[in-house]
Trainee: 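Here's a structure for you.
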Amino acid sequence: MATRNQRDAKKNSLNAPVIHGKCLLAKVREALGVSQPEMAKRIGISASGLWKLEQGTAVKLSVARKIAKHYGKTVEELWPGDPELKTKK
């Protein structure tokens, strides 16, 4: 049976590059002292969408770049678990 990340990657494979793996969004958000709903609003996604990303759901690279920019980090810093990330720039 396919994992959630595999299903998401397959679903998004025709649309845009996606990234997977361990995500540090929650740790960074918590260090900033910002709630999930507030950060989701700032980024422009739903709170449930941010929760899914914090749980490791695959994300389009373009969305990851937008989120990283908002956090003042690089995509590589927020998603260090994607071994192929460097090839997706």
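Note that the structure is predicted; figures quoted are calculated from it, not measured. Side chains are part of it too, since the values below use all heavy atoms of this structure and drop only hydrogens, waters and symmetry mates.
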Trainee: To the closest 0.5 Å, what do you measure between CD (Glu30) and CD (Gln36)?
Mentor: 8.5 Å
Trainee: Looking at Ala47 and Pro37, what are the two nearest heavy atoms and their distance?
Mentor: CB-CA, 4.1 Å
Trainee: Side-chain contact, heavy-atom cut-off 4.5 Å: Val63 with Lys66?
Mentor: no
Trainee: Taking all heavy atoms of Glu77 and all of Leu24, pick out the closest pair and write down the distance.
Mentor: O-CD1, 3.3 Å
Trainee: Say you draw a straight line from CD1 of Ile43 to CG of Leu25; how long is it, rounded to the nearest 0.5 Å?
Mentor: 7.0 Å
Trainee: For residues Leu32 and Met39, determine if any side-chain heavy atom of one lies less than 4.5 Å from a side-chain heavy atom of the other.
Mentor: yes
Trainee: Is the shortest distance from a Lys or Arg side-chain nitrogen in Glu38 or Arg29 to a carboxylate oxygen in the other one below 4.0 Å?
Mentor: no
Trainee: Do Tyr71 and Leu78 have side-chain heavy atoms sitting under 4.5 Å apart?
Mentor: yes
Trainee: Would you check if Ile67 and Val75 make a side-chain contact, meaning some heavy-atom pair closer than 4.5 Å?
Mentor: no
Trainee: Measuring from Arg42:CZ to Ser35:OG, what's the distance to the nearest 0.5 Å?
Mentor: 8.0 Å
Trainee: Do Val59 and Trp79 come within less than 4.5 Å of each other through their side chains, counting heavy atoms only?
Mentor: yes
